[in-house]
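Heads up: the structure comes next, in structure tokens.
Each chain gets a letter, A, B and so on, in the order its sequence line appears, and its residues count up from 1. Basis for what follows: all heavy atoms, side chains included, without hydrogens, waters or symmetry-related copies. In this text the structure is predicted, and so the values were computed from the model without any measurement.
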Amino acid sequence: MLELNLIRTKPDFVKERLKVKNFTRLELVDEVVVLDVERRRLQQVSEAAQHESKSLSKQIPKLYKQGKRDEAETLKSQAGSLKESIKNYQEELKITEEKLHDALVQLPNLPHESVAVGFGADDNEVVAENGTHPDLGEDAKPHWELFEQYNIVSLELGSKIAGAGFPVFIGKGARLQRAMINFFLDEASKAGYQEYMPPLMVNKDSAYATGQLPDKEGQMYHVTIDDLYLIPTAEVPLTNIYRDTIVNEEDFPIKLTGYTPCFRREAGSYGAHVRGLNRVHQFEKVEIVQLTHPDKSYAALEEMAKHVGGILQKLGLPYRILRLCGGDATFTSALTYDFETYSAAQKRWLEVSSVSNFETFQSNRMKLRFRDSETKKMRLAHTLNGSALALARIVATVLENNQTPEGIVIPEVLRPYTGFDIID
RNA sequence: GGAGAGUUGGCAGAGUGGUCGAAUGCGGUAGUCUUGAAAACUAUUGACCUUUACGGGUCCAGGGGUUCGAAUCCCUUACUCUCCGCCA
């Protein structure tokens with residue numbers, strides 16, 4: 001959620017920045033400004049009436065003590081009628097506050113100044129590229145063909161048990177996944193992230209706090225009977241650990257990690273790009289989250305990007321880093337780096353990690369604050385997160401890029417975790 | 001799922017209709033004393049909204065109600081604890 005004060009003082013600046021994100025409903029900004037003025041006016045008249053009512057009430061017991069019953073009764077009836085108007089003011093105030101909030105949560109985060117104008121994936125800027133594309137020859141197989149050849153993943157079984165997009169990992173395939181999860185968690189621990197195992201379902205408050213609601217309502221699985229949402233990413237439960245908290249400035253940066261399955265309805269997607277593991281409803285992911293001092297968040301973003309790049313290098317995967325343009329960046333982020341690995345068999349790039357700085361957008365919704373040691377004032381913290389890494393697609397590229405006539409060679413770093421060095 | 005008890009400031013813990021935003025203790029901060037520290041003493045110490053400022057308002061788990069007036073009475077929801085049931 002954008003900070004109200006910024007919209008109040010610089011509405012035109014806000015609109016300019018929102019245009020970079022291709023946000024078209026700029027009239028919402030004006031609406032916020034108008035509602036904000038109205039809200040404050042109503043609050044003032046309401047509070048003035050409350051003040052009067054309060055001082056009347058204080059006089060009543062005094063008058064009784066002095067034996068002035070009649071005067072006390074008069075004040076009582078005055079206070080009684082005041083009560084009516086207070087009630088009316090407060091109702092109006094409440095309605096205005098709700099309208100203001102509704103408008104406010106529909107505004108996406110402002111992009112960082114380095115974010116380029118653009119409409120979609122083609123406008124993203126490649127900021128780094130690493131590793132060489134393996135030459136697998138003409139008969140290289142895409143991962144879904146390798147699944148069948150080695151019997152390590154079954155899409156059909158998943159479809160039978162749950163539905164399309166729920167792969168079943170079998171034998172060495174399952175073991176490879178578990179190995180990666182452990183490897184990624186260990187890497188995060190080494191980098192100073194505290195490990196958590198959070199709930200896989202969250203309530204509405206949590207989903208609002210990190211910005212999945214109301215923006216991504218249709219993308220989450222909703223358990224309606226208990227009004228819970230299956231997490232689309234560990235970002236949601238991990239970041240919400242710090243909802244409604246005031247942290248000590250010296251505790252920054254706070255670094256959290258966690259492995260969870262992620263559930264996504266992926267409503268509306270279709271076509272060749274959803275084959276195999278490219279796009280599924282449930283996948284495994286190790287997430288890293290940082291809560292930082294506002295002055296340090298961009299340094300933290302670089303650090304997190306480096307962490308993700310380091311893991312990809314250890315796995316021996318060629319990758320590139322994209323800085324997302326305004327049109328492709330998410331609702332909540334100020335700046336996002338996407339990591340893509342090159343799938344040599346599919347001959348295309350697959351997104352395997354997304355590292356973002358949300359600045360105060362999430363912390364404003366969450367009321368995640370700290371007391372600034374210099375000014376002694378409360379300030380909003382900055383929140384960041386990134387995948388380190390998302391499993392399904394990493395499995396896909398590892399399988400494809402490491403295929404040999406003898407079998408699929410397991411990357412060196414994973415062997416202590418898998419207990420085998422080849423899938424054959 | 002059933003029965004009972006509870007939820008007060010950073011923590012502990014008073015407070016059962018009117019000067020309670022809330023005693024007291026601990027903790028925190030500042031000062032005195034000290035070469036320094038500790039101890040002692042003194043002062044100070046919640047959050048939020050609003051206001052140029054003075055000030056005003058809200059918050060005693062959340063929501064609703066009674067009353068001129070609610071931390072205090074009533075209803076309701078959530079959570080915690082104890083017992084029972086069920087269960088990996």
Pairs under 3.5 Å (N/O, protein and nucleotides 17-23 of chain B):
| from | atom 1 | to | atom 2 | distance (Å) |
| --- | --- | --- | --- | --- |
| B:G18 | N2 | A:Ser57 | O | 3.2 |

pair_partner(B:A78), Watson-Crick or wobble, both distances < 3.5 Å, evaluates to B:U7
Looking at A:Lys190 and A:Glu187, does any basic side-chain N land under 4.0 Å from a carboxylate oxygen? yes
Item to check | Euclidean distance for C1', B:C75 against B:A70 (whole angstrom) | outcome: 15 Å
> Say you pick atom P in B:U42 and the same atom in B:U24; how far apart are they, in whole Å?
Replying inline: 13 Å
Whether over 12 other heavy atoms sit under 6.0 Å from A:Glu27 CD = yes
* When all nucleic acid strands are considered with a 4.0 Å heavy-atom cut-off, which category describes A:Gln43: base, sugar-phosphate, or nothing? -> base
Among B:G57, B:U51, B:G69, the one nearest any side-chain atom of A:His51 is B:G57
To the nearest angstrom, the CG-C1' distance between A:Asn203 and B:G62 comes to 13 Å
Between A:Lys87 and A:Arg369, whichever has its closest RNA chain B nucleotide further toward 5' is A:Arg369
Using a cut-off of 4.0 Å on non-hydrogen atoms, how would the nucleic acid contact of A:Arg8 be classed: base, sugar-phosphate, or nothing?
sugar-phosphate
Problem set entry | Any A:Arg39 side-chain N or O less than 4.0 Å from OP1/OP2 of B:U50 | yes
For B:U66 versus B:U76, give the span between their C1' atoms, rounded off to a whole number of Å. 15 Å
Quiz item: Taking the side chain from A:Asn364 and the backbone from A:Met1, do they hold a donor-acceptor pair closer than 3.5 Å?
Solution: yes
Looking at A:Lys99 and A:Glu38, does any basic side-chain N land under 4.0 Å from a carboxylate oxygen?
no
Could you tell me how far B:G18 sits from B:U29 if I compare only their C1' atoms? Round to whole Å. 35 Å
When rounded to whole Å, the NE2 to P distance for the pair A:His101 and B:C49 reads 14 Å
Would you tell me if any nitrogen or oxygen in the side chain of A:Gln78 comes within less than 4.0 Å of OP1 or OP2 on B:C68?
-> no
Point to revise | side-chain N/O A:Arg40 vs B:U51 OP1/OP2, d < 4.0 Å | key: yes
- State whether A:Phe420 and A:Lys172 meet the cation-pi test: NZ (Lys) or CZ (Arg) under 6.0 Å from the six-membered ring centroid, and within 45° of the perpendicular axis. yes
Taking A:Gln106 for the side chain and A:Asp102 for the main chain, is one N or O donor matched with an acceptor at less than 3.5 Å? yes
Result for 5'-nearest mapping on RNA chain B, choosing between A:Ile246 and A:Ser77, is A:Ile246
Next item on the list: Classify the ring geometry between A:Phe252 and A:Phe370 as parallel (under 30°), tilted (30 to 60°) or perpendicular (over 60°).
Entry: perpendicular
